[in-house]
Amino acid sequence: QVQLVESGGGSVQAGGSLRLSCVASGNSDSRNCMAWIRQAPGQEREVVAGLYIGRDSTVYADSVKGRFTISQDNAKNTLYLQMNSLKPEDTAMYYCAADPRGPQPRPTILSPAWYRYWGQGTQVTVSS
């Protein structure tokens, strides 16, 4: 079992920055791949960034590429999402998610349905 607890959300003006954190606990073998997934009201969930623990490779949605950076601190069992140049359309609930399976193609990693474990989410609101 895996527990994921997000923090760092809040309200910011367009052009601002926020850093989200996700502290993971439980079976480390069950969180081989981790990601940040968002959902705005009335919209489908979107994987914005993902990575494999202990590896350098990262995957980003086109909508956030160049503005968001996903990173990990294995010593602290923490996943981060640095969000810069925020836009009103980035407003959403942001979830940390994890899955135990090995490396997958990019389309799979960017599929929200693929992730087995989810946190409760942290709200990000960007005003214009």
Side-chain angles (χ1 to χ4, degrees):
Q1 193 70 355
V2 173
Q3 294 78 42
L4 305 169
V5 180
E6 305 96 333
S7 63
S11 297
V12 64
Q13 288 192 329
S17 298
L18 283 174
R19 189 177 80 156
L20 306 183
S21 300
C22 170
V23 177
S25 59
N27 186 356
S28 60
D29 290 338
S30 295
R31 39 188 171 93
N32 192 24
C33 180
M34 297 191 71
W36 287 98
I37 301 173
R38 69 185 180 185
Q39 186 169 27
Q43 297 188 21
E44 295 184 353
R45 290 178 172 177
E46 176 189 29
V47 178
V48 298
L51 59 72
Y52 277 90
I53 298 301
R55 299 171 185 245
D56 291 334
S57 62
T58 55
V59 172
Y60 293 95
D62 291 341
S63 58
V64 306
K65 200 173 294 183
R67 299 188 298 122
F68 290 10
T69 303
I70 188 172
S71 62
Q72 58 183 302
D73 185 333
N74 290 337
K76 296 181 179 180
N77 291 324
T78 302
L79 184 75
Y80 300 101
L81 184 68
Q82 178 65 44
M83 304 185 294
N84 298 329
S85 302
L86 282 162
K87 305 175 181 180
E89 51 263 44
D90 294 318
T91 295
M93 184 70 78
Y94 283 72
Y95 298 92
C96 177
D99 194 88
R101 287 168 284 187
Q104 302 291 325
R106 183 174 183 271
T108 300
I109 298 173
L110 292 179
S111 172
W114 184 70
Y115 291 86
R116 186 172 301 180
Y117 303 105
W118 292 69
Q120 294 300 307
T122 186
Q123 178 68 37
V124 172
T125 301
V126 184
S127 58
S128 57

Compare all side-chain heavy atoms of [X] with those of [Y] and state whether any distance is below 4.5 angstrom.
X    : Y   : answer
Q82  : N84 : yes
Y115 : V47 : yes
E6   : V23 : no

Apply side-chain contact (heavy atoms from CB on, under 4.5 Å) to [X] and list each qualifying residue two or more places apart in sequence or on a separate chain.
X    : value
N32  : Y52
T125 : S11, T91, Q123
S63  : R38, E46, A61

To the nearest 0.5 Å, tell me how far R31 CZ sits from C96 SG.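 Spacing of CZ (R31) from SG (C96) equals 9.5 Å.
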Look up atom CD in Q1 and atom OG in S25, then write down how far apart they are to the nearest 0.5 Å.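 One finds 9.5 Å between CD of Q1 and OG of S25.
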Other residues, nucleotides, ligands: >12 heavy atoms within 6.0 Å of R55 CZ: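 Open.
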More than 12 heavy atoms of other groups within 6.0 Å of K76 NZ: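 No.
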Strictly distance-based, threshold 3.5 Å: is any side-chain N or O of R67 a donor or acceptor partner for the main-chain N or O of S85?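 Yes, R67 side chain to S85 backbone: donor-acceptor pair under 3.5 Å.
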Is there a donor-acceptor pair under 3.5 Å between the side chain of R101 and the backbone N or O of C33?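 Absent.
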The criterion is salt bridge (Lys or Arg N to Asp or Glu O under 4.0 Å); which residues satisfy it with K87, sequence neighbours excluded?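 K87 satisfies salt bridge (Lys or Arg N to Asp or Glu O under 4.0 Å) with no residue once adjacent residues are dropped.
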Is it possible for you to say whether M93 and L110 belong to one hydrophobic cluster, with membership spreading through side-chain heavy-atom contacts below 4.5 Å?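 Linked within one cluster.
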Could you give all pairs that pass the salt bridge (Lys or Arg N to Asp or Glu O under 4.0 Å) test and reach residues 102-127, with sequence neighbours left out?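 Salt bridge (Lys or Arg N to Asp or Glu O under 4.0 Å) check on residues 102-127 returns D62-R106.
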Under 4.5 Å side-chain linkage, directly or through intermediates, the cluster mates of M34: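 Via sub-4.5 Å side-chain contacts, M34 links to V2, L4, V12, L18, L20, W36, V48, L51, I53, Y60, V64, F68, I70, L79, L81, M83, L86, Y94, Y117, V124, V126.
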Heavy atoms only: give me the nearest A14-S128 pair and the separation to one decimal.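 Minimum heavy-atom contact is CB-CA, 4.3 Å.
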Measure across W118 and P112 and return the closest heavy-atom pair with its distance rounded to 0.1 Å.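 In this case the closest contact between W118 and P112 is CZ2-O, 3.3 Å.
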